[in-house]
Every structure is written in C-alpha cells, then in structure tokens.
Amino acid sequence: MLNITTGLTIWCSEAFTLATVLFFAWRHDRQTPAYLMWAMGFTVSGVGFALVAARGFIPDFLSIEVGNGIALLGESAWIAGFYWLDNRRLDWRALFPPLIWFAGVELPWIHESYVNRVILYDLAGAVGATLLASAVRPAEGRREGVRGQLGFVFMALACLCFASAMSMTLLRPSLEEALTYRSYSALSSALLITTAIALSGRLMMERSERRWRAISITDTLTGVLNRRGLLDYFELRNC
C-alpha cells in the first residue's frame, strides 16, 4: 500500500520548490503577476498538506479541518492566477473549494467518518478543477492551443475527483480500503497536476516569445513598427 504520509511529504517538498521557482520568475518579470499568485498557491497548498501529514503530532482540528481547507485554498490561488494572466477581474467563485470544505466538514456524519471526509474533499476538488478549466479558456480573439490542452487536463482532474467521490459513496469501503484507494487517487491527481504545470510553463514561454517578438519589431518610444518590423510586414504582404 502506498504510504499517504510519505506521498504528502513528497508533494509538500515539490510544492515549496515550485513556489520558490515561481517567486523568482515573478521577481524577474514583474509584468506577469500570475507568477506571484501561483507561487502563493503552491505555498499555501504545501502548508495545508504539511498540516495533514502531521496528523497525530498536532491537534486533529489543525490537521483535518484547517489543513485540508488551506490545501484547497491553494487551488483557489491557482484559479486567480489564470484570471490575472489575462488581466481579468477575480471571480469570487474561486473560493468555492475551501468554502465547500469548511461548510461541510463540521457536519457530524462527515466529521466523524474518514470516508465521508474524503468524499467531501474530492467534491470540493472537482469543483476547483472545473473552475480551473473555465479559467484557462482563451480570451476572445486569443489563439493559444496549449490552453485547450490545459482545459482538458483540468477537466480530467475534475472527473477523477468526482469519480473518486462517487465510488466512495457507492462502495463504502472500510478504513483500510479507503486509505489504499485514496493513495492511488491522490497519485493520479498529482500526475495530472504535474502535467498541468508543464503545460502552464509552455503557455508562459509562448507568451514571452510573442512579447519579445513584439518588442523587437516596434520602436520603444512611439510604439510603431521599426525598420525590422516594416521589412517583416512588407515581406509578409508580398508572399
């Protein structure tokens, strides 16, 4: 059986590493505040999962209620990052994942049952992944093929979380079976999130290339095409 604590520890180290990389990317390119929001998201997620992994060493309230809620708040920050990427106003619905968790976890039949807590967390995660898929939709007039791939990955993550919640609801596994099932479900989710991170990096690289391309063909003072830009323009017109 996969060890959940070990898996959470590995994810925490990866989350803090990614947060550091994104923070320095923001320091290098302050025109892209999405880097900072994503860095905050991974930091918050790492803190949340660290609290979950510390169960047995800290009060259950901090490990269960607070830890999982903070981890889901990291998902909200990722959603907000994609809004900032397109200079859109933040949508309060990004807070749905942690709100769903905090609204349901104190209900007696959820708080007292590990299986029911997993179901609640997976449903909140499915909502968050769906909102992520919506957030990466290309803006009107913008053509970025990688956004479609990102949307597909996030919808796959939403389906995985929803399928996990439904199977737990229908099968009602024992605690040991639920722990095993949860381990493999979490591993699959981590793989999808890793894929999404790679695609997000590709999206940012393509954006940077277009921006530097625009800088190279325009005059920085007036914003009109420079000599290179004019040559490229007439070359395209003559093709």
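The model shown is predicted, which means the values in this text are computed figures rather than measured ones.
- Looking only at distances, no side-chain donor or acceptor of Ser185 sits under 3.5 Å from a matching main-chain atom of Ser164.
- Scanning all heavy atoms of the two residues, the minimum distance from Ala54 to Ser63 falls at C-OG, 4.5 Å.
- For Glu106 (side chain) and His111 (main-chain N/O), no donor-acceptor pair under 3.5 Å exists by modelled atom type.
- Scanning all heavy atoms of the two residues, the minimum distance from Ile79 to Ala94 falls at CG2-CB, 3.8 Å.
- Test Leu62, Leu51, Val52 against Ile70 for side chain to side chain contact (heavy atoms under 4.5 Å, CB included) and you get one pass: Leu51.
- The hydrophobic clustering, which links ILVMFWY residues whose side-chain heavy atoms are closer than 4.5 Å, places Tyr114 and Phe57 apart.
- Hydrophobic clustering (ILVMFWY, side-chain heavy atoms < 4.5 Å, transitive): Phe61 and Leu120 are in distinct clusters.
- Looking at heavy atoms from C-beta onward, Pro173 lies in side-chain contact with Met168 at the 4.5 angstrom threshold.
- With Thr130 contributing its side chain and Ala126 its backbone, the two residues share a donor-acceptor pair below 3.5 Å.
- Summarising the geometry, atom CG belonging to Leu99 is positioned 13.5 Å from atom CZ belonging to Arg93; distances are rounded to the nearest 0.5 Å.
- Looking at Arg137 and Arg147, their side chains never come closer than 4.5 Å, going by heavy atoms from C-beta outward.
- In this structure, Ile110 CD1 and Glu112 CD are separated by 11.0 Å, a value rounded to the nearest 0.5 Å.
- Atom CZ of Arg30 is surrounded by more than 12 heavy atoms from other residues, nucleotides or ligands within 6.0 Å.
- Shown here for Gly81 and Ala34, the closest heavy-atom pair between the two residues is O-CB, 3.3 Å.
- Phe49 and Leu191 fall into different hydrophobic clusters, defined by Ile, Leu, Val, Met, Phe, Trp and Tyr side-chain heavy atoms under 4.5 Å apart, directly or through other members.
- The distance from the CZ atom of Arg172 to the OG atom of Ser167 is 11.0 Å, given to the nearest 0.5 Å.
- At distances below 3.5 Å, at least one donor-acceptor pair connects side-chain atoms of Asn116 with backbone N or O atoms of Trp109.
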Criterion side-chain contact (heavy atoms from CB on, under 4.5 Å) on Asp122 and Phe162, from CA distance to verdict = CA-CA 6 Å; Asp122 280 341; Phe162 186 75; over 6 Å; no
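- At a threshold of 4.5 Å between side-chain heavy atoms, the hydrophobic network of Ile, Leu, Val, Met, Phe, Trp and Tyr places Leu171 and Leu175 in two separate groups.
- Counting only distance, with no hydrogens or angles, the side chain of Glu75 and the backbone of Leu72 share no donor-acceptor pair below 3.5 Å.
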Show your reasoning for whether side-chain contact (heavy atoms from CB on, under 4.5 Å) applies to Ser200 and Leu150.
-> CA-CA 7 Å; Ser200 298; Leu150 264 172; 3.7 Å; yes
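- With rounding to the nearest 0.5 angstrom, the CG atom of Leu95 is 11.0 Å from the CZ atom of Phe102.
- In this pair, Trp101 and Tyr121 present their aromatic rings perpendicular. The plane angle is above 60°, beyond the 30 to 60° band.
- Counting all heavy atoms, side chain and backbone alike, Ala77 lies closest to Gly41 at CB-CA, 3.4 Å.
- Taking the side chain as every heavy atom from C-beta outward, Val105 and Asn68 never approach each other to under 4.5 Å.
- Interatomic distance, CE of Met37 versus CG of Leu85, reported as 12.0 Å (0.5 Å rounding).
- Summarising the geometry of Trp38 relative to Trp78, their closest heavy-atom pair is NE1-O, 3.3 Å, with the distance given to 0.1 Å.
- In this structure a side-chain-to-backbone donor-acceptor pair under 3.5 Å is missing from Arg55 to Ile64.
- For the pair Trp84/Thr32, no side-chain contact is recorded, criterion being any heavy-atom separation below 4.5 Å from C-beta on.
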Show me the donor-acceptor pairs within less than 3.5 Å that the side chains of residues 14-28 make with the rest of the protein, sequence neighbours left out.
{"from": "Thr17", "atom 1": "OG1", "to": "Ser13", "atom 2": "O", "distance (Å)": "2.8"}
{"from": "Thr20", "atom 1": "OG1", "to": "Phe16", "atom 2": "O", "distance (Å)": "2.9"}

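- Residues Leu160 and Ser189 share a closest heavy-atom pair of CD2-OG, 3.4 Å.
- Leu199 contributes atom CG, which lies 11.0 Å from atom CZ of Phe152 (distance to the nearest 0.5 angstrom).
- Residues Leu157 and Ile119 share a single hydrophobic cluster, defined by chaining ILVMFWY side chains whose heavy atoms lie under 4.5 Å apart.
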